[in-house]
Amino acid sequence: MKILILGAGKMGSFFTDLLSFEHEVAVLEKDPVRMRFIYNALRMQSPEEIRDFAPDIVINCVTLNYTVEAFRSALPYLKPNCIISDIASVKTNLKEFYATCGFPYVSTHPMFGPTFANLANLEKENTIIISEGDYLGRIFFKDLYDRLKLNVFEYTFEEHDRVVAYSLGIPFASTLVFAATMVHQDAPGTTFKRHMKIARGLLSEDDYLLTEILFNPRTPNQIARIQEQLTALQEIIAAKDTGKMKAFLADVREKIK
């Protein structure tokens, strides 16, 4: 199969490495510096080069805010039956784009990412395949993710963004608030250092990714839940109410079982 990867960033390079020994892979990337670690794949810098390659499937791995733009630049050079796909972490507006693009599509979301996951061992990681899309495209990614021993879940576009608002919106917002209150610590404890490691990892991500996760229309409701619990905890602490604190801790322990 001929596969075109759009973008040679962290995930673009990951998919290139993963697929290039079993398929004929090409990578389209405008920045030549990002291409320096791409091997065993055809390198492209111009969308016009796509026509001669004639891919069977396109995997769009560009930065989230450029996903649709990258698709639009590639579409004129694709054969009519080419399957287009994305790995975007927020699917807002993508359903509408796919409905009018004229190409078969598949949409997935690898939930591991290169910042925190061990890409050599993904057995405990998760991925989502959107149930709305081309059957053959979904089978391609299902087989690929199964080989990586990922836990695969299928959701609609709407269900995906609701899940992401909870599973990414809450930890992203909580970590940012933690980092925003930071002052220098000469002798940080173990818990503090672990939180700092998470915060630094999160803040190494692309600003547009963080923004889109937090701007997900469903995220504000999740942040409101954080505010409610923080207010309740603050009231217990201010009152030094041991009974309520024990009840609060018991409830939290029950939730994370």
Side-chain angles (χ1 to χ4, degrees), residues 7-14 31 33-34 61-67 86-93 109-122 124-128 150-151 160-240 244-245 248-257:
K10 295 175 181 177
M11 291 305 288
S13 298
F14 170 73
D31 184 355
V33 175
R34 287 193 165 196
C61 300
V62 303
T63 305
L64 189 60
N65 65 313
Y66 293 121
T67 300
D86 74 274
I87 58 167
S89 46
V90 177
K91 304 300 184 183
T92 306
N93 301 324
H109 179 191
M111 298 287 285
F112 43 90
T115 300
F116 295 113
N118 176 7
L119 297 183
N121 182 10
L122 297 171
K124 295 183 180 180
E125 303 295 342
N126 303 318
T127 189
I128 293 171
L150 289 162
N151 299 306
H160 169 272
D161 280 4
R162 191 164 60 244
V163 167
V164 166
Y166 172 77
S167 63
L168 294 183
I170 286 179
F172 278 26
S174 300
T175 300
L176 289 173
V177 169
F178 165 78
T181 62
M182 201 50 51
V183 294
H184 176 71
Q185 298 288 318
D186 290 323
T190 301
T191 303
F192 182 90
K193 288 189 287 186
R194 287 178 177 174
H195 276 280
M196 279 297 294
K197 183 178 180 180
I198 293 172
R200 290 191 177 107
L202 180 68
L203 290 167
S204 72
E205 295 284 5
D206 183 87
D207 285 358
Y208 290 105
L209 169 64
L210 301 178
T211 300
E212 289 301 321
I213 293 294
L214 294 170
F215 284 6
N216 179 339
R218 297 149 192 84
T219 298
N221 286 337
Q222 302 301 333
I223 292 178
R225 294 177 62 208
I226 297 174
Q227 291 173 319
E228 289 171 7
Q229 294 300 320
L230 189 58
T231 298
L233 180 60
Q234 189 175 30
E235 290 174 354
I236 292 170
I237 293 170
K240 294 183 173 61
K244 286 186 177 180
M245 177 58 78
F248 183 88
L249 294 174
D251 182 57
V252 172
R253 289 191 177 101
E254 183 65 28
K255 288 178 178 176
I256 65 171
K257 277 185 178 179

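Quick note: numbers below take in every heavy atom, side chains included, and nothing from hydrogens, waters or symmetry partners.
Closest approach of Leu210 and Phe172 over heavy atoms only: CD2-CE2, 3.7 Å. In plain terms, the two heavy atoms of Ser13 and Ala8 that are nearest each other are OG-O, 3.3 Å. Minimum heavy-atom separation, Ile87 to Cys61: CD1-SG, 3.8 Å. Taking every heavy atom of both residues into account, Ser89 and His160 meet most closely at O-CE1, 3.2 Å. Between Phe192 and Val183, the closest heavy-atom pair is CZ-O, 4.5 Å. Between Ala88 and Leu64, the shortest heavy-atom contact is CB-CD1, 3.3 Å.
No side-chain heavy atom of Val163 sits less than 4.5 Å from a side-chain heavy atom of Leu168. For the pair Leu233 and Met245, the minimum side-chain heavy-atom distance is below 4.5 Å. No side-chain heavy atom of Met196 sits under 4.5 Å from any side-chain heavy atom of Pro188. You'll find the side chain of Asp86 reaches within 4.5 Å of the side chain of Lys91, heavy atoms only. Residues Ile226 and Val177 fail the side-chain proximity criterion, which asks for heavy atoms closer than 4.5 Å.
To the nearest 0.5 Å, atoms CD1 (Ile237) and NZ (Lys244) are separated by 13.0 Å. The OG atom of Ser174 sits 11.0 Å away from atom CD of Gln229, with the distance rounded to the nearest 0.5 Å. With rounding to the nearest 0.5 Å, the separation of CG in Leu230 from CD in Glu235 is 10.0 Å. With rounding to the nearest 0.5 Å, the separation of CD in Glu205 from CG in Asp207 is 10.5 Å.
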Decide yes or no on side-chain contact (heavy atoms from CB on, under 4.5 Å) for Asn221 and Arg225, but give the supporting numbers first.
CA-CA 7 Å; Asn221 286 337; Arg225 294 177 62 208; over 6 Å; no
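No more than 12 heavy-atom neighbours from other residues, nucleotides or ligands sit within 6.0 angstrom of OH on Tyr166.
Listed for the Thr181 side chain is a donor-acceptor partner under 3.5 Å among the backbone atoms of Phe178. At least one donor-acceptor pair under 3.5 Å links the side chain of Thr127 to the backbone N or O of His109.
Of the candidates Asn216, Thr92, Thr219, Thr92 is the only one forming a side chain to side chain donor-acceptor pair (under 3.5 Å) with Asp161.
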